[in-house]
Number of protein chains: 2
Amino acid sequence: MKSEKDDRRVKYTKMVLKESFIKLLSHKDISQITIKEICEDADINRATFYAHYSDQYDLMRKIENELFENVSVYIEEYTRNEANLDRVEMVEKIFVYLKQNAQLCRLFLGERGDMEFQKRIMTFIYEKNIDELMNAEGVSKETAEYIYAFTITGCLGAIQKWLDDGMKKSPRFMSEMLVKLAGGLPEVFVK
Amino acid sequence: MKSEKDDRRVKYTKMVLKESFIKLLSHKDISQITIKEICEDADINRATFYAHYSDQYDLMRKIENELFENVSVYIEEYTRNEANLDRVEMVEKIFVYLKQNAQLCRLFLGERGDMEFQKRIMTFIYEKNIDELMNAEGVSKETAEYIYAFTITGCLGAIQKWLDDGMKKSPRFMSEMLVKLAGGLPEVFVK
DNA sequence: AAAAATAATCAACATAATGTTTATTATAAT
DNA sequence: ATTATAATAAACATTATGTTGATTATTTTT
């Protein structure tokens, strides 16, 4: 997953292929993007593309995995840090990250992105932040699982709206809102 | 959008093309499905395919629009009916519909479906059921919009889990849960 | 700095899907 | 029965795909 051990030529090749793919992806759907086109834009021989990726979708998955890895490292940095952030502060940092990587996040977390990936990364983030997972009393295990599913995708929808709206509201605003919503959901059932 | 005015030959052609496409779609991703393949399975000449659709994605969109239309008609029937269903009963009917059209709904509302379509249809259903849209006091318009986005996608996530779990829980169970969750969300902010 | 290892390029190739056209056949509507 | 329309069949040029082998360029190792 990491290209740490790649020599410089390989690093360069992968880098420009990814850049060209992302450039094309921001103009049209992945189904309309050809390998030929990516290679021409990147000025990389098509045979070289096949040495690294099997097709556009393989390339996309590799980029997804990198994004996941980067988010993971980013979160770890704040977690093992002396910073000792509370939950709202931690989620706020996530939104700062999304804003710093706006182009990529818009493409991969937006409506046209791969929802399987989106749920995967949202679940990861959620579990890093909410430890007392589903312990509200008076809620059955099955109901709790549905609330969980509701929350994961609900947060995703809010993030998508934020990205679509040009990230106008502050990370702090978004964080406080989502923490309140996600935390308040199980209580809706108890009362 | 309706094939009411099509002659019998056209109806047949469109029908078998859709059937074959859906059959293929339940085995592999749309990006791996070729027009040639659809036509061979349907035993329809490829030139005829092009007379009706531009490509697989066009065919998919047409099926999406039909599903939307069918859901719309289904809801209307219960709405203008003398039945006078309350909200929980109405949402329950939606789940009955999903179950009756399980194969199609699994494909088009599932994780691998088109999220743009999914939000579109979820928004439509939501607005048919929740009339007192976002009127909780003490919540800003902007916050209300985010709660709305959260709710739409949250419901989608719950439905996807239900479809993935083989629709074991009853429509009644799902309806009561979602109505409670969706209705309770704004209150999380007030208190 | 030279040698060895590895990556990228180039050109060529077979294969397959695409999109279009034209004449012909089959079916439906009037 | 006549007319209109749809589907078929066959052919075609075009394009992308995936693979190969020889050559060139770059990096790493000694």
Side-chain angles (χ1 to χ4, degrees), chain A residues 1-66 69 107 112 114, chain B residues 1-66 69 107 112 114:
Chain A
M1 201 162 295
K2 252 287 118 66
S3 54
E4 213 49 63
K5 56 179 175 28
D6 288 339
D7 91 11
R8 296 176 205 162
R9 290 168 295 183
V10 176
K11 280 181 185 168
Y12 175 80
T13 297
K14 289 183 175 176
M15 183 187 72
V16 290
L17 284 176
K18 283 174 201 158
E19 283 176 358
S20 294
F21 176 67
I22 288 166
K23 188 206 287 183
L24 291 167
L25 200 56
S26 55
H27 293 305
K28 53 178 156 179
D29 194 81
I30 187 172
S31 64
Q32 305 298 317
I33 298 175
T34 65
I35 295 171
K36 184 170 175 282
E37 197 176 13
I38 298 169
C39 293
E40 274 171 2
D41 187 271
D43 195 28
I44 292 291
N45 194 281
R46 204 156 51 81
T48 308
F49 180 98
Y50 287 111
H52 297 294
Y53 310 104
S54 60
D55 57 27
Q56 317 95 298
Y57 298 90
D58 184 40
L59 173 53
M60 182 192 69
R61 278 187 297 272
K62 297 273 166 66
I63 298 176
E64 283 178 352
N65 290 339
E66 267 180 48
E69 183 63 22
L107 289 175
R112 283 169 43 204
D114 165 15
Chain B
M1 204 164 292
K2 253 286 119 67
S3 52
E4 212 51 62
K5 57 180 177 24
D6 288 340
D7 90 12
R8 297 175 204 159
R9 290 167 295 182
V10 176
K11 280 182 185 167
Y12 174 80
T13 298
K14 289 183 176 177
M15 185 189 69
V16 290
L17 284 175
K18 282 173 202 161
E19 282 176 0
S20 294
F21 175 68
I22 288 166
K23 188 206 286 183
L24 291 167
L25 200 56
S26 55
H27 293 304
K28 52 178 156 179
D29 194 81
I30 188 172
S31 63
Q32 305 297 317
I33 298 175
T34 64
I35 294 171
K36 184 171 175 283
E37 199 176 9
I38 298 169
C39 293
E40 275 171 4
D41 187 90
D43 194 28
I44 292 290
N45 194 281
R46 205 156 51 78
T48 308
F49 180 98
Y50 288 111
H52 297 294
Y53 310 105
S54 61
D55 56 27
Q56 317 95 296
Y57 298 90
D58 184 39
L59 173 54
M60 181 191 69
R61 278 186 297 271
K62 297 272 167 65
I63 298 176
E64 283 178 350
N65 290 339
E66 266 180 48
E69 184 62 23
L107 290 174
R112 282 169 45 206
D114 165 15

Next item on the list: Scan for salt bridge (Lys or Arg N to Asp or Glu O under 4.0 Å) pairs involving residues 31-43 of chain B, sequence neighbours excluded, and state none if there are none.
Entry: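 Passing the test, one end in residues 31-43 of chain B: B/Lys23-B/Asp41, B/Lys28-B/Glu37, B/Lys36-B/Glu40.
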
Next item on the list: Could you tell me which residues satisfy salt bridge (charged side-chain N to carboxylate O under 4.0 Å, His left out) with B/Arg46, sequence neighbours excluded, listed by chain and number?
Entry: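 If we apply the salt bridge (charged side-chain N to carboxylate O under 4.0 Å, His left out) test to B/Arg46, skipping adjacent residues, there are no hits.
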
Note to self: Taking the axis from the first five pairs and the axis from the last five, what angle separates them in the helix from C/dA1-D/dT30 to C/dT30-D/dA1, rounded to 10 degrees?
What the structure shows: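 One end axis against the other gives 40°.
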
Please round to the nearest 0.5 Å and tell me the distance separating atom [atom1] of [X] and atom [atom2] of [Y].
X: A/Arg112; Y: A/Ile30; atom1: CZ; atom2: CD1; result: 10.0 Å
X: B/Tyr53; Y: B/Leu17; atom1: OH; atom2: CG; result: 6.0 Å
X: A/Leu107; Y: A/Glu64; atom1: CG; atom2: CD; result: 11.5 Å
X: B/Leu59; Y: B/Lys14; atom1: CG; atom2: NZ; result: 10.5 Å
X: A/Ser31; Y: B/Asp55; atom1: OG; atom2: CG; result: 7.5 Å
X: B/Ile44; Y: B/Met15; atom1: CD1; atom2: CE; result: 9.0 Å

Notebook entry, point to check: For DNA chain C, which residues in residues 38-53 of chain B have a heavy atom at a distance below 4.0 Å?
Noted result: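 By residue number: B/Arg46, B/Ala47, B/Tyr50.
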
Note to self: Just the rounded figure in Å: distance from P of D/dT15 to CD1 of B/Ile35.
What the structure shows: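 From B/Ile35 CD1 to D/dT15 P: 17 Å.
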
Dump every N/O contact between nucleotides 24-30 of chain D and the protein below 3.5 Å, one line per pair.
unit_1: D/dT26; atom_1: O2; unit_2: A/Arg9; atom_2: NH1; d: 3.0
unit_1: D/dT28; atom_1: OP2; unit_2: A/Arg8; atom_2: NH2; d: 3.4

Flag side-chain contact, heavy atom, 4.5 Å: [X] against [Y]:
X: A/His52; Y: A/Thr48; result: yes
X: A/Arg61; Y: A/Asp114; result: no
X: B/Lys18; Y: B/Glu66; result: yes

Check: For B/Arg9, which of B/Asp6, B/Thr13, B/Asp7 qualifies under side-chain hydrogen bond (donor to acceptor under 3.5 Å, both in side chains)?
Finding: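 Exactly one pass, corresponding to B/Asp7.
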
Checklist line | Span of DNA chain C, from the first to the last nucleotide whose atoms fall under 4.0 Å of chain A heavy atoms | finding: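 It runs C/dT6 to C/dC10.
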
